Novice: 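Sharing a structure, written as structure tokens. Questions coming.
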Amino acid sequence: MRVIVTEDYEQMSKRSANIVAAQVFIKPDSVLGLATGSTVLGLYNELIKMYKEKDLDFKETKTFNLDEYIGLSKDNPNSYYFYMMNNFFKFINIDESNINIPDGKALDIKKECEEYERKIKEENGIDLQILGIGRNGHIGFNEPDVKFEATTHKVSLDEKTVKDNSRFFSDINKVPRYAISMGIKTIMLTKKIILLANGKEKAKAINKAINGPITPDTPASILQLHQDVTFIIDREASYYLDK
Ligand code: F6R
């Protein structure tokens, strides 16, 4: 495990964008695993800049998103499909047929999860996975639990997550309580992982993930066992690391 501590959010975004860009340069048909949320917005903006400056080409790149809310349609501004389109995909030259996001409106959620796993396998797995982290240590929507959920599955969102994510909704009661998420095994099978975090509110989760026991109560702690993971965090998120 490597830990890169940057001065601020901007540097965190630039460092991680350079890693994603290098991946796409070296292997233009890379399979990227993508996250949503506030942390990764700066990274997407940096990648869009590189694309506009003609330093990057996403024509052959394939993507799999970590998660999606159950019950929200693609055109719902709170769906992760909408987020990805409006914060990243519509600004780059990715082929729409190479974009994969779980369908939160699927009639058969179990089948949708199995199908998602099958598609990832068909692409020979994910080359580079981008992760954020929840204040409760979640990755994707793998919430603190008594066991690690292996593959893509339906999750019931933790109260802390519902509260955190309610900032994007007009009313906390509108936050979906369920989501589809890649599982821990799906994430652990990715070839390379970068986890981004910024701000003091993530500092405890970061410390537990890096220095704590490996436990499903802090899902990100499993990353200690991954062969190629880099945490790229700003100084505030590193607050407890050397305490
Ligand atoms: C979203 C996801 C989540 C977020 C995490 C951090 O696709 O997988 O694990 O990465 O909740 O969210 P922000 O960045 O909004 O603090």
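Note that ligands are numbered from 1 as they come in the structure, with each ligand's atoms numbered from 1 the same way. Quantities reported herein were computed from a predicted structural model and do not represent experimental measurements.
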Novice: So if I count the atoms of ligand 1 from 1 in the order they appear, which ones are less than 4.0 Å from some heavy atom of His138?
Specialist: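 Near His138, the atoms of ligand 1 are 3 (C), 5 (C), 9 (O), 11 (O).
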
Novice: Which atoms of ligand 1 sit under 4.0 Å from any heavy atom of Gly132?
Specialist: 10 (O)

Novice: Working note: Asp234 + Gln11, criterion side chain to side chain donor-acceptor pair (under 3.5 Å); need CA distance, chi angles, decisive distance, verdict.
Specialist: CA-CA 8 Å; Asp234 77 347; Gln11 290 308 315; over 6 Å; no

Novice: Touching ligand 1 at all, Arg167? Heavy atoms, strictly under 4.0 Å?
Specialist: yes

Novice: Check the side chains of Arg135 and Thr161 for a donor-acceptor pair under 3.5 angstrom, ignoring hydrogens and angles.
Specialist: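 No, because no side-chain N or O of Thr161 sits under 3.5 Å from a partner of the opposite role on Arg135.
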
Novice: Applying a 4.0 Å heavy-atom criterion (strictly less than), which segment of Ile133 is in contact with ligand 1: side chain, backbone, both, or neither?
Specialist: backbone

Novice: For Tyr69, run the ring pair (Phe, Tyr, Trp, His ring centres under 6.0 Å) check against Phe168, Tyr178, Phe141 and tell me which one passes.
Specialist: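 Single ring pair (Phe, Tyr, Trp, His ring centres under 6.0 Å) partner of Tyr69 among Phe168, Tyr178, Phe141: Phe141.
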
Novice: Anything under 30° is parallel, anything over 60° is perpendicular, the rest tilted; go ahead and classify Tyr44 against Tyr83.
Specialist: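 Ring orientation, 0 to 90° scale: perpendicular.
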
Novice: I'd like to check which ligand 1 atoms, numbered from 1 as shown, lie under 4.0 Å from a non-hydrogen atom of Gly37.
Specialist: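 Taking each heavy atom of Gly37 in turn, ligand 1 has 14 (O), 15 (O) under 4.0 Å.
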
Novice: Specify the protein heavy atom at minimum distance from atom 3 (C) of ligand 1: its residue, its atom name, and the distance to 0.1 Å.
Specialist: Gly140 O, 3.6 Å

Novice: Using the rule given for salt bridge (charged side-chain N to carboxylate O under 4.0 Å, His left out), can you reason through Asp57 versus Lys59, listing the C-alpha separation, both sets of side-chain angles and the distance that settles it, and then say yes or no?
Specialist: CA-CA 6 Å; Asp57 184 356; Lys59 201 169 59 231; 3.4 Å; yes

Novice: When you compare the side chains of Ser30 and Gln23, does any donor N or O come within less than 3.5 Å of an acceptor on the partner?
Specialist: yes

Novice: If only atom types and distance count, is the side chain of Glu68 paired as donor or acceptor with the main-chain N or O of Tyr81 below 3.5 Å?
Specialist: yes

Novice: Applying a heavy-atom cut-off of 4.0 Å, say which part of Leu66 lies close to ligand 1: side chain, backbone, both or neither.
Specialist: side chain

Novice: Given ring pair (Phe, Tyr, Trp, His ring centres under 6.0 Å), test Phe82 with Phe89 step by step and report yes or no.
Specialist: CA-CA 10 Å; Phe82 192 93; Phe89 294 148; over 10 Å; no

Novice: Both conditions, 6.0 Å and 45 degrees, for the charged tip of Lys200 above the ring of Tyr239: are they met here?
Specialist: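 Yes, a cation-pi geometry.
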
Novice: Does ligand 1 have an atom under 4.0 Å from some heavy atom of Lys202?
Specialist: yes

Novice: Can you list the atoms of ligand 1 that are under 4.0 Å from a heavy atom of Thr39?
Specialist: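 Numbered from 1, ligand 1 contributes 13 (P), 14 (O), 16 (O).
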
Novice: Indicate, as side chain, backbone, both or neither, the part of Asp67 found under 4.0 angstrom from ligand 1 when only non-hydrogen atoms are considered.
Specialist: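 Contact part for Asp67 vs ligand 1: side chain (C-beta onward).
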
Novice: Quick one: which ligand 1 atoms are inside 4.0 Å of a heavy atom on Thr36?
Specialist: 1 (C), 4 (C), 7 (O), 10 (O)

Novice: For ligand 1, which is the ligand I care about here, please tell me if Leu131 has any N or O atom under 3.5 Å from one of the ligand's N or O atoms.
Specialist: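 No; the residue has no nitrogen or oxygen that sits under 3.5 Å from a nitrogen or oxygen of the ligand.
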
Novice: Using a 4.0 Å cutoff against the non-hydrogen atoms of Ala35, which atoms of ligand 1 qualify?
Specialist: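 This gives 7 (O) as the contact atoms.
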
